[in-house]
Amino acid sequence: MRPAETPPTARRPRVLSGFRSTGPMHIGHLVGALDNWIRMQDTHECFFVICDWHALTSEYADTSRIKEYVEEMALDWLAAGLDPERCTLFVQSHVPEHAELHLLLSMIVPLAWLERVPTYKEQQQQIANRDLTTYGFLGYPVLQAADILLYRADTVPVGEDQLAHLELCREIARRFNSLYGPVFPEPQAKTTRVPRVPGTDGRKMSKSYGNAINLSDPIEETRQRILRMVTDPARTTRKDPGNPDICPVYDLHKAFSDQATLDRVNVECRRAGFGCIDCKTYLLEHLTPVLLPIQERRELLLQDRARVRGILADGARKAQIEARKTMHQVRAAMKIDTGGSR
Ligand code: SF4
C-alpha cells in the first residue's frame with residue numbers, strides 16, 4: 001500500500017501595495033486601504049512598501065521632510081494593525097533593486113504608453129504649484145510597475161483610480177516577457193468596495209486639500225473639526241429638513257457608524273428630528289473608539305523608535321531576498337548578467 005500523500009502546501013497569493021511617503025495617514029487611508037491590508041495579512045503573503053522614491057516624483061524640490069514622513073508612515077501602519085510577524089513592511093529605497101528594475105523597464109516602455117495614463121495630465125493640472133513636467137514624474141508608473149514586478153506579486157489591491165496604472169504594469173510585464181522570455185506573472189487587480197470618505201470641506205479627503213482627519217490628530221482637534229464640518233447646505237437652521245444623501249457627514253457615518261445609527265440619521269435628518277451637531281456627535285461616538293486604540297499603540301511605538309527602525313530594516317532584508325531572486329532572472333533573461341556578486 002502506498003503511503004498517503006501529503007498534499008503540497010498551497011502558496012498563499014502574494015500581494016504588494018504601498019503609499020507614497022508625502023504626509024500623515026488619514027481616516028480615508030484607514031478605511032480605503034489599511035483595514036483591507038490588515039485582513040489580507042491572514043490570507044496572503046503581503047509586502048507593504050513605503051514609497052519614498054515615489055514621493056520624490058512630486059516633492060523633489062523640497063525633500064526636507066521625506067525621511068520624517070517615512071518614519072511617521074511606519075508608525076501609522078504599525079499602530080493601525082500591520083504586524084511585522086505576518087507581513088513584510090519596508091521602505092522602497094532600502095531595496096535598491098527597485099531602482100535597477102525601474103531603469104531596465106524604462107528601456108522597453110514606449111513614451112506613448114506613459115503619456116496616455118489619465119492621472120499624468122490630471123495631476124499636472126491639479127498640483128499646479130509644482131513643476132511636474134519631469135522625466136521622473138512621467139515615469140512614475142514604470143517605477144510602480146517595478147515595485148510590483150520585483151516581488152512577482154499575484155495580486156495588487158487597487159482603487160478605481162489606480163486601475164490604469166495596474167493595466168500598464170501588466171502591459172509592461174507582457175512586453176518584457178515577449179522580448180526576453182517569461183519572467184514576470186501578470187498581477188491581478190483586487191478591487192474592494194471602499195466607502196467614500198470626504199474631507200471636512202466635503203471634497204475628497206486629501207492631505208493636499210488640508211481637509212484630512214489624520215490618524216494621529218489629537219482627539220479633541222478631530223472633534224472640533226468634525227463639529228465644524230460642512231453639511232447639507234439646505235439645513236441652515238435646526239428646523240430645516242436635510243438630505244443625508246448629499247451630506248458628507250453622512251458619508252462618514254457610512255464608513256464608521258453602525259446600521260442602527262445610519263437608519264436613525266436617515267430618518268431624523270429628513271424630518272429635522274435632530275440638528276447637525278447631534279448628528280456629528282453620534283458620528284464621533286463611533287469614530288473615536290476606532291482612533292483611540294490606534295493612537296495608544298502609536299504612543300507606545302513612539303517611545304521605541306529604535307524598534308520601528310529595526311522592523312523596517314528586517315522588512316528590507318526579507319524584501320531584498322525576493323528582489324534579488326527576481327533580478328537574477330531579469331539579468332539572465334536580458335543576457336546582461338555579468339557574473340558579479342549581486
Ligand atoms: S443631520 Fe447629519 S446628515 Fe443631516 S445634514 Fe446634518 S450632518 Fe448631514
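What you see is a predicted model; the values in this text were computed from it and never measured. Every number for a ligand or one of its atoms is a count from 1 in the order of the listing.
Looking at residues two or more places apart in sequence or on another chain, you find a side chain to side chain donor-acceptor pair (under 3.5 Å) between Glu220 and Arg223, Gln224. Scanning for side chain to side chain donor-acceptor pair (under 3.5 Å) contacts around Arg228 gives an empty result, with sequence neighbours left out. Partners of Asn211 under the side chain to side chain donor-acceptor pair (under 3.5 Å) rule, at least two apart in sequence or in another chain, are Asp201.
Taking the charged nitrogens against the carboxylate oxygens, Arg235 and Asp232 have no contact shorter than 4.0 Å, which rules out a salt bridge.
For atom 4 (Fe) of ligand 1, protein N, O or S atoms closer than 2.8 Å were enumerated as Cys269 SG, with waters left out.
Looking at Gln303, its side chain never comes within 3.5 Å of a backbone N or O of Arg298 through a donor-acceptor pair.
Checked against the 6.0 Å centroid criterion, the rings of Tyr60 and Phe137 do not qualify as a close aromatic pair.
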